Amino acid sequence: MQTNDHILQAIRIEKTFPGTRALDKVDFHLRRGEVHALLGENGAGKSTLIKCLTGAYRRDGGAILLDDAEVDPRDTFEAQALGIGTVYQEVNLLPNLTVAENLFLGRQPRRFGMVDARAMNRRARDLLADYELDIDVTRDLASYSVAIQQVVAIARAVDLSGKVLILDEPTASLDAHEVAMLFRIIRRLKARGLGIVFVTHFLEQVYEISDRITVLRNGQLVGTRETANLDRRELIAMMIGRELAAEIHAPRAEVRQGPLRYRFRNYGRKGRVRPFDLDVRAGEVVGMAGLLGSGRTETAELLFGAHRADSGGAEIDGRAVDLASPRAAIRHRFGFCPEDRKTSGIIGDLSVRENIVLALQARRGWTRPISRAEQNRLADHYIRALDIRTADREKPIKLLSGGNQQKAILARWLATEPEFLILDEPTRGIDVGAHAEIVKLIEALREKGLSLIVVSSEIEELVAYSTRVIVLRDRAHVAELDGSRITASEIVEAIAATNERRTS
Amino acid sequence: ADLVVGFSQIGSESGWRAAETTLTKQQAEQRGIDLKFADAQQKQENQIKAIRSFIAQGVNAILVAPVVATGWDEVLQEAKDAEIPVILLDRTVDSSNELYLTAVTSDLVHEGNVAGKWLVDTTAGKPCNVVELQGTTGSSPAIDRKKGFEQALSGHDNLKIIRSQTGDFTRTKGKEVMESFLKAEDGGKNICALYAHNDDMAVGAIQAIKEAGLKPGKDILVVSIDAVPDIFQAMAAGEANATVELTPNMAGPAFDALAAFQKDGTAPPKWIQTESKLYTQADEPLKVYEEKKGLGY
Amino acid sequence: MKPKYLPLTATLVIFLLGYALCVAQYPNMLSTRVIGNLLTDNAFLGIAAVGMTFVIISGGIDLSIGSVIAFTGVFLAVVLEHTSIHPLIAFAMVLAIATLFGAAMGAIIHYLEMPPFIVTLAGMFLARGMAFVLSIDSIPIKHPFYATLKALYFKLPGGGRITLIGGLMLLVFAIGILIAHRTRFGTNVYALGGGTATARLMGVPVAATTIRIYALSGLLAGLSGIVFSLYTSAGYSLAAVGVELDAITAVVIGGTLLTGGSGFVAGTLVGILIQGLIQTYITFDGSLSSWWTKILIGLLLFAFILLQKGIIFVSRQRQQRA
Amino acid sequence: MTSFLRLYFNRLLPQLIALGIIVAAVSLVFPGFLNLQIQNGRLYGSLIDILNRGAPVVLLAIGMTVVIATKGIDLSVGAVMAICGATAAAAITSGHSLAATLLITLGVGILCGLWNGVLVAVLDIQPIIATLVLMVAGRGVAQLITEGAILTFNDPDLVFIGSGSFAGLPMPVVIWLIFGILTALLVRRTALGMLIEAIGVNRQASTLSGVLTPVLLIAAYVLSGLCAAIAGIIAAADIRGADANNAGLWLELDAILAVVVGGTSLLGGRFSIAASVLGAIIIQAINTGILLSGFPPEFNLIIKAAIIVFILVLQSPRFRTAFAFLVPARGARNPSERAAK
Ligand SMILES: Nc1ncnc2c1ncn2[C@@H]1O[C@H](COP(=O)(O)OP(=O)(O)OP(=O)(O)O)[C@@H](O)[C@H]1O
Ligand SMILES: Nc1ncnc2c1ncn2[C@@H]1O[C@H](COP(=O)(O)OP(=O)(O)OP(=O)(O)O)[C@@H](O)[C@H]1O
Ligand SMILES: [Mg+2]
Ligand SMILES: [Mg+2]
């Protein structure tokens, strides 16, 4: 193998966090003009490796070679200057700056020493035009959806990457259309000879776009293979260290549904969700499908009382209830895993244990503390049951990898033994193994008689566990599929059909 | 119709100052003067602002109790340009005396001097270690009262200031600092007299002395300045020995001078000095207390 | 209108409303004298508040400015009193010291990862302590150059004046606005306020920016100290106590969030004017005792904040409806 | 249990070391510093003075800790102290019994806290500004009660609170010890502590988890008001008078400093009441040390600033990792990584 077709090489990278050996002498070689998938379970060390490459973390050992010359970026600024553009895992842009400022931060066009805002905005618009995004670039980034933010982050990184582009789970909050667009851009960059590192948990995407695959497990390099020579089963085995029983579930047997328990009539809130009717039975999983920004999250928040409904009413078991606040909803045994786990999910500085017991404790009230022994028991139970990868239960949750944080929040609600569980994108950023486990878990909860509402952008997944699927568009419920009509193509068609109606 | 007079007061940092405000208002009312009162909350910039807005309002005269001596030239000049007479109360400024009508003040150095003289006379040559409670570091009463006291003591080698700390003019700090003086000087056995820059600190210190098991007024002589009512109670109880009066009635003479000036242009002397009267236990402290009690201290 | 301009507009509306009310009661308040005074009297506060605005937008706070103002004044007075150094050189010296002082605090905040509140609190003690050590007396500055500077003003019809320092404040605000919105540094300040960790990942030079922000605040506090010494022709170690709180209040009334990341330098100017207006109103009224003055200032502050909240709330609602 | 104690000890270790250094330094300058004797049936000495004089700041720091844990700050405590001192003096001089006086005063403190809490939790005003309103207006209210004068009283029972002694300790010390222990038990033996920390770290996520955020926020400010009330009573009783102008002046800064010296982050979250109490004692030790040292008062501020910077540098996460061998770094984290996450 010639060395000079390697654009970026990482040699025996080491990184240790207190209690965790995040990277153990990992080698990673990126060729010119290839898309290289970096895979592994949650907490395998992918993000850590990337951060070591770009100087966001100081590595404890090892060397980095860019174009065969040793480099040592001390911070991301230097990495950018070297031509390494990166999209980090969480949407890492500044919500308080405008879209244009985010795109050109640190390299704004200047005239007479002053930032030339007009030129900057024009260039920002041009840049985003490549991504079929026609938005007002002078507005704050925060006013756009996560998806748009993600596209902006990608556009910025691409624009910055002269040699190497690193994408850490860029597609987690994108829908199919946007993913296709991203892939078009990646292919174009690849043709220009850039090296592209691509982290994702969607294996379909790996096979669609990548040339080679490197797999990490528990901070160690498992191996690097040509994508063409690695079949899916083998890849999963490399990632999780064992064979996965059945990755996608066979269509389940006809489920027996319980009694109708939750009735929402004409439920809605001005400016957020158009009033809708919704009935949920015990032992039912209602999937919610729709394009980005179609109002799924807002529906979920409304049902949980995070926003108060201003029309219609809710009934549980035939009795009218007022879901005015999350507390009220929790009293009726609701649970809610929010979509944005960083801002509305985790309590970063608190330990995994405290994060798990929080909701249960809040429901019991402050005067009836859960004893430490009981907390430990609960935490250990769920850490085991959901396979949360953490050094110990006292680790601050913010130090866990993204997927493990998600599982801990799920554990928080399971600990309250809910009867009505609302999950907003529960599998976002979760590895294949855990993905399968969560799908299994949803099934198991349904069989236990829970009612679930699951918002997901992964249609395959919705098909796998939903007993009914609701399709949203423009903040309104527009279609409902059940029984045999729950298939990927039917759902896609329902979304598309409504789309056509929009254009006509 | 009425005479409108603006009064820029420093603030309300002590009981003495409250009494001065009360008396000024009383005096104005007696004379039918419409008094515009502005509290500067201890800030010179606020006083300057207040004087400027008095000028903008077109008052007939301005009273100022300046928080510091420096920095008044410009605003006083503006008042002069607007032909509004300015009278200084309680403290002077270092501007040219052309710029104001008169100053009604006591002499801070003199006050310290009176207190020092009393101590010199009382100790009559016996060796005596003095501890000093200073006012707020940097404030002009603290600087001048220290200076005057030291002047009085100079040449009397029997008197030595062994410790000097700031008590910020407050009772709490006076008590706290005295406690540490007592600890530092052999439980207080080493201290013969206390000089406090104001009565409030003295009152606090007296409590500290008592709590340390000593008798203030006997084991440790107490002399302070201001003559607020509470110190007379202490004197009546034999716990304080002497205080130097700083009268809160500065406005009376000021208004008189103003009236004379406006009637026929009689220019008052540039400095109307108030008396710095010494009170001791011999001056019927209880009677003085009753007199002063109602003045808003 | 863009939602981010709402707080700024709300503040401006409130100021104009308040001013109109004052004028209705005291017609004299419309005079150019009052307007000139509003600028001159608040010049030092305004200049310091510009620095504070940058600090707060970046998510920090600077409690040291009042002490730095006092230190600057005492330093100038001592130098001009005891040496024959020309004031302009003394100005340069003291600005350099104040800037270095700020930079040092910024460096401690960044490199030792200590909260700005505490670092600058220590800075506040230290700067005032230094002033005490230089001199506890208030020292007049009699240098003729001061007189020259003070004689520079622009006369308005009606007896009001735009003085040198009032003009300087406006200039500093203008430059501040340019820096905030038209330089890379300015954007970096906002970026820090949006989240230090994210800003670092996006390649913002966090260390340099933090240090520069506090250096800028120090520099402006120094400049404010010079203005204050011009204003009072003296140096005094007890001067400008609590100015930091006034500055913070002005910044916040001006619509800047203390959590950082959003705000406007121009808003701070309106905040300063609102505070000045409250004070002027109270002096014009002139019937309040010391205590009622304090209570009223507090209540008016509260009323302004409530009004601002109200205006923002109502227009948000309306925007959502639309 | 022993491991629990060890953890606790480790948490307080930096503060204990800092205190030790200061005490050692002061006793070098002033040898009598460590002397303790019994006088009039109570302990007497500089060390006791520190505990006694530190009482107001300790009390304020207790309330401030909880407020800061919710990611707030309470600038009004000094003014509330003044209000409550004035209330107590006014009540006792107008003939109310001690019990009634205390009840009224504590009630006023709670009311002040309620006001702050409502501003922060319900009207959603930023804590610094919300409490600034009461900081400015509160001192005016206090002066309104006393009319600017020092309202003196001689009620022996009330005076006892300030300068009496119980079990050989000055009353203020007894009060803050009991109150501190009660508060610590209240937050740690119930779930309050954890819920408050959760709010401080992530208010939105806590609300979504069903935590009663507004009520707890208000409760934090109420506690702070209550602490200020007790501190105000002690300060007034100590000098037998309510000094509305100066009582508690700038003490809010000392209280915040105490909390930070105690190692609680101003960004909210994890807190320790014991550590804040230690922080307050450290600050008082500095103050008393300066008084005993006999330096001219011009140097007070510089000395204080220097010592504070020194302590904070000792505590700063960077320094701690650099000198991890000095301080047993149980649970210590890598700071740069923490910041980068
Ligand atoms: N700042 C940190 N301090 C301590 N431990 C950390 C820190 N960051 C990451 N870790 C730990 O290092 C390991 C690797 O984490 P990393 O984020 O690299 O995983 P990942 O492969 O990106 O996972 P995911 O797919 O969930 O994003 C995890 O065990 C995590 O808990
Ligand atoms: N393309 C877009 N342009 C402008 N605003 C958008 C767009 N997409 C979403 N939004 C806004 O972002 C918010 C997202 O809505 P919501 O979270 O309910 O949608 P969702 O279906 O859950 O989508 P997501 O998968 O992004 O969570 C809405 O307020 C919407 O107005
Ligand atoms: Mg990751
Ligand atoms: Mg969503």
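All figures in this text were calculated on a predicted structure; none of them were measured in a lab. We name chains A, B, ... by the order of the sequence lines, and we start the count at 1 in each one.
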Student: Determine the minimum heavy-atom distance between S53(B) and N37(C), stating which atoms define it.
Tutor: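 Closest heavy-atom pair between S53(B) and N37(C): N-ND2, 4.3 Å.
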Student: At what distance, to the nearest 0.5 angstrom, does CH2 of W292(C) lie from CG of D39(B)?
Tutor: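 Those atoms lie 14.5 Å apart.
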Student: State, with a plain yes or no, whether a side-chain heavy atom of E45(B) is found less than 4.5 Å away from one of L45(C).
Tutor: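 No, too far: nothing below the 4.5 Å cut-off.
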Student: At a heavy-atom separation under 4.5 Å, does N28(C) approach chain B through its side chain, its backbone, both, or neither?
Tutor: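 Side chain only.
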Student: Just checking heavy atoms, which of residues 139-150 of chain B are less than 4.5 Å from chain C?
Tutor: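 Counting heavy atoms that sit under 4.5 Å from chain C, the residues of residues 139-150 of chain B involved are S139(B), S140(B), I143(B).
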Student: For K36(B) versus T283(C), what's the shortest heavy-atom pair and its separation?
Tutor: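 Heavy-atom minimum between the residues: CD-O, 4.3 Å.
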Student: Assess whether atom CD of Q273(B) is packed by more than 12 heavy atoms of other residues, nucleotides or ligands within 6.0 Å.
Tutor: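 Yes - once you tally the heavy atoms of other residues, nucleotides and ligands closer than 6.0 Å, there are more than 12.
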Student: When rounded to the nearest 0.5 angstrom, what is the spacing between CD in Q279(C) and CG in N46(B)?
Tutor: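 Those atoms lie 4.5 Å apart.
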Student: So what's closer than 4.5 Å to chain C heavy atoms on Q41(B): side chain, backbone, both or neither?
Tutor: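 Side chain of Q41(B) only, per the 4.5 Å heavy-atom cut-off to chain C.
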Student: Pair I48(B), T232(C) - check side chain to side chain contact (heavy atoms under 4.5 Å, CB included), show working.
Tutor: CA-CA 9 Å; I48(B) 297 179; T232(C) 61; 4.0 Å; yes
Student: Of all the heavy-atom pairs spanning V34(C) and A56(B), show the shortest one and how long it is.
Tutor: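 Closest pair (atom of V34(C), atom of A56(B), distance): CG2-CB, 3.9 Å.
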Student: Do S289(C) and K25(B) make a side-chain contact, defined as non-hydrogen atoms from C-beta onward lying under 4.5 Å apart?
Tutor: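 They are in side-chain contact.
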Student: For chain B, which candidate among Y236(C), F284(C), F132(C) shows the most heavy-atom pairs at distances under 4.5 Å?
Tutor: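 Highest number of pairs under 4.5 Å: F284(C).
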Student: Are there residues of residues 141-153 of chain C that reach to under 4.5 Å of chain B by heavy atoms, and which ones?
Tutor: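 Only K142(C), K150(C) of residues 141-153 of chain C have a heavy atom under 4.5 Å from chain B.
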Student: Could you look at R128(C) and say if it's the side chain, the backbone, both or neither that has a heavy atom under 4.5 Å from chain B?
Tutor: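 Contact with chain B involves no heavy atom of R128(C) at all.
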Student: Looking only at heavy atoms, which two atoms of K49(B) and D41(C) are closest? And how far apart?
Tutor: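 Of all heavy-atom pairs spanning K49(B) and D41(C), the closest is CG-CB, 3.3 Å.
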Student: Testing the basics here: between L238(C) and T137(B), what is the closest heavy-atom pair and its distance to 0.1 Å?
Tutor: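 Closest heavy-atom pair between L238(C) and T137(B): CD1-O, 3.3 Å.
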Student: Pick whichever of L38(C), T280(C), I282(C), D285(C) has the most heavy-atom pairs under 4.5 Å with chain B.
Tutor: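 Option with the top pair count is D285(C).
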Student: Please look at Q57(B) and chain C and tell me whether the side chain, the backbone, both or neither of the residue comes under 4.5 angstrom of a heavy atom of that chain.
Tutor: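 Q57(B) touches chain C through backbone and side-chain heavy atoms alike.
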Student: For S290(C) versus G11(B), what's the shortest heavy-atom pair and its separation?
Tutor: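 For S290(C) and G11(B), the tightest heavy-atom pair comes out as OG-O, 4.0 Å.
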Student: Which residues in residues 76-86 of chain B have a heavy atom less than 4.5 Å from any heavy atom of chain C?
Tutor: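 Residues in range: E78(B), D81(B).
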Student: Between I297(C) and chain B, with a heavy-atom cut-off of 4.5 Å, which part of the residue counts as in contact: side chain, backbone, both or neither?
Tutor: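 Side chain only.
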Student: Does anything in residues 241-248 of chain C reach chain B? List residues with heavy atoms under 4.5 Å apart, or say none.
Tutor: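 So the qualifying residues are V241(C), G242(C), V243(C), D246(C).
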